[in-house]
Protein chains: 2
Amino acid sequence: MGTRQEISAIPPDADLARADSLAREIFSDIANKWALLIIEFVGQRTMRFSELRDEIGGISHKMLTQNLRTLERNGLITRKVYATIPPRVEYTLTEAGQALRTVVDGMCGWTQHYLSHIETARRDFGQV
Amino acid sequence: MGTRQEISAIPPDADLARADSLAREIFSDIANKWALLIIEFVGQRTMRFSELRDEIGGISHKMLTQNLRTLERNGLITRKVYATIPPRVEYTLTEAGQALRTVVDGMCGWTQHYLSHIETARRDFGQV
DNA sequence: CGGCATCCTTTTCGATACTG
DNA sequence: CAGTATCGAAAAGGATGCCG
């Protein structure tokens with residue numbers, strides 16, 4: 001073993017690199033319009049599918065399903081199915097989800113707070 | 001005057017509705033992967049275009065330009081051009097941007113903190 | 001009611017080339 | 001170096017229909 005260093009060319013910090021790329025992946029999973037809105041709304045209280053759909057408004061059936069799956073896969077929400085007719089499915093934020101929700105709350109608050117600042121910036125933009 | 005109420009059919013809370021849709025628009029402007037990453041990096045210090053590009057990594061020339069414009073339009077960053085050769089353009093976070101950055105910091109922290117929780121959730125997902 | 005699959009449209013994105 | 005424009009590929013998104 002040994003004279004040929006270039007064969008095992010994997011850098012010693014390969015683990016770090018992997019964790020980093022995972023963090024990036026997760027970050028883009030949550031850093032998007034629908035995911036954050038869902039977290040914000042389902043964070044208010046446990047809701048069923050159609051409630052969420054109505055509360056959020058403007059989200060399609062498909063998008064909601066899709067995003068809920070991703071959130072569930074990442075351990076942010078839990079999905080509880082009641083085997084009734086008609087079916088009833090409830091979504092609840094996990095502890096990790098709640099933690100993220102406080103962050104999202106901050107974003108919503110920020111948006112409200114800087115609303116007029118942004119409108120001004122938009123008017124100034126371009127007509128310098 | 002008026003027996004004809006239905007002519008001015010604009011609801012009294014038309015302003016509220018407008019502010020709401022604006023808030024939604026701004027929210028989706030900032031609630032996306034690249035915008036948030038840019039805010040996070042340019043928040044560390046004033047950076048020029050190519051620095052940002054290198055620091056963020058994985059973002060294309062075009063995407064960076066595009067997102068920087070949107071952020072500027074919303075008053076989150078300022079753009080300073082030095083008329084030198086070669087040109088030098090520096091981007092800095094505004095006060096509003098700084099405020100948002102603290103929120104984004106929270107999101108980055110959250111991601112790091114729950115990394116292993118998410119990995120576990122992902123393994124469990126589907127093989128129930 | 002909620003989920004999944006399908007088709008089709010729209011948007012996003014990367015690569016490339018050209019300008020000041 | 002930074003910005004803009006264009007083009008084609010890829011992804012996201014909406015609408016619909018069928019199933020349990």
Side-chain angles (χ1 to χ4, degrees), chain A residues 21 24-39 41-42 45-74 76-93 125-128, chain B residues 21 24-38 41-42 45-74 76-92 125-128:
Chain A
S21 99
R24 287 284 185 130
E25 186 190 331
I26 292 164
F27 190 81
S28 26
D29 270 1
I30 57 177
N32 77 74
K33 181 183 173 182
W34 292 132
L36 293 181
L37 280 179
I38 291 172
I39 288 167
F41 279 101
V42 84
R45 58 185 169 84
T46 294
M47 285 191 209
R48 51 191 301 188
F49 185 87
S50 40
E51 275 181 308
L52 256 172
R53 196 192 195 307
D54 295 343
E55 292 281 339
I56 294 176
I59 188 171
S60 71
H61 187 115
K62 181 189 173 181
M63 279 295 92
L64 184 52
T65 309
Q66 212 169 82
N67 279 279
L68 284 170
R69 287 298 162 280
T70 303
L71 291 175
E72 190 189 358
R73 186 173 105 91
N74 286 333
L76 292 173
I77 57 170
T78 55
R79 177 169 175 271
K80 180 157 191 182
V81 183
Y82 295 88
T84 58
I85 297 180
R88 175 185 187 86
V89 182
E90 289 185 345
Y91 292 93
T92 309
L93 227 51
F125 183 77
Q127 50 213 27
V128 183
Chain B
S21 99
R24 286 285 184 128
E25 188 191 331
I26 293 164
F27 190 83
S28 24
D29 270 3
I30 57 178
N32 78 74
K33 181 183 173 182
W34 292 130
L36 294 181
L37 280 179
I38 290 171
F41 280 101
V42 84
R45 58 184 169 85
T46 293
M47 285 191 208
R48 49 190 302 187
F49 186 87
S50 40
E51 273 180 312
L52 256 172
R53 196 193 194 309
D54 295 344
E55 291 282 337
I56 294 175
I59 188 171
S60 70
H61 188 115
K62 180 188 173 183
M63 279 295 93
L64 183 53
T65 309
Q66 211 168 83
N67 279 280
L68 284 171
R69 288 296 164 278
T70 302
L71 291 174
E72 190 188 358
R73 187 174 103 92
N74 286 333
L76 292 172
I77 56 172
T78 55
R79 175 169 175 271
K80 180 157 190 181
V81 183
Y82 296 88
T84 58
I85 296 179
R88 174 186 187 87
V89 182
E90 289 185 345
Y91 293 93
T92 310
F125 183 78
Q127 50 212 25
V128 181

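In this text, all values refer to a predicted model and were calculated from it rather than measured experimentally. Residue numbers begin at 1 in each chain, while the letters A, B, ... track the order of the sequences. Note that these values count all heavy atoms, side chains included, but never hydrogens, waters or copies made by symmetry.
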Original post:
Rounding to a whole Å, what distance do you find between Leu52(B):CG and dC1(D):C1'?
Top reply: 14 Å
**OP:** Starting from P on dA2(D), measure out to NZ on Lys80(B) and report it in whole angstrom.
**Re:** 15 Å
**OP:** Write down the atom of Arg53(A), the atom of His61(A), and the distance for their closest heavy-atom approach.
**Re:** NH2-N, 3.4 Å
**OP:** With rounding to the nearest 0.5 Å, note down the distance linking CZ in Phe41(A) to CG in Leu52(A).
**Re:** 9.0 Å
**OP:** Could you check how far CE of Met47(B) sits from C1' of dA2(D), rounded to whole Å?
**Re:** 17 Å
Original post:
Within this structure, what is the CZ-to-P distance between Arg88(B) and dA2(D), rounded to whole angstrom?
Top reply: 8 Å
Original post:
Counting just side-chain N and O atoms, does Arg48(B) come under 4.0 Å of either OP1 or OP2 of dC1(D)?
Top reply: no
**OP:** Looking only at non-hydrogen atoms, find the nearest pair between Glu51(A) and Arg48(A) and report the distance.
**Re:** OE1-N, 2.9 Å
Original post:
Looking across every strand, which nucleic acid part, if any, lies under 4.0 Å from Tyr91(B) by heavy atom: base, sugar-phosphate, or nothing?
Top reply: sugar-phosphate
**OP:** Spell out protein contact along nucleotides 4-20 of chain D as letters: B when the base is contacted, S when just the sugar-phosphate is, - when no protein heavy atom is under 4.0 Å; keep the 5' to 3' order.
**Re:** B-BB-----BBB----B
Original post:
Taking all atoms of both residues into account, what is the closest heavy-atom pair of Ala31(A) and Leu36(B), and its distance?
Top reply: CB-CD1, 3.8 Å
Original post:
Taking only N and O in the side chain of Ser50(A), is any of them less than 4.0 Å away from OP1 or OP2 of dG2(C)?
Top reply: yes
Original post:
Do you know the tightest heavy-atom contact between Val42(A) and Met47(A)?
Top reply: CG2-N, 4.4 Å
**OP:** Find the distance Glu90(B):CD to dA2(D):P and express it as a whole number of Å.
**Re:** 10 Å
Subject >> Length of the CG-P vector between Leu64(B) and dC13(C), whole Å >> reply: 13 Å
Subject >> Euclidean distance, Tyr91(A) OH relative to Leu76(A) CG, rounded to 0.5 Å >> reply: 14.0 Å
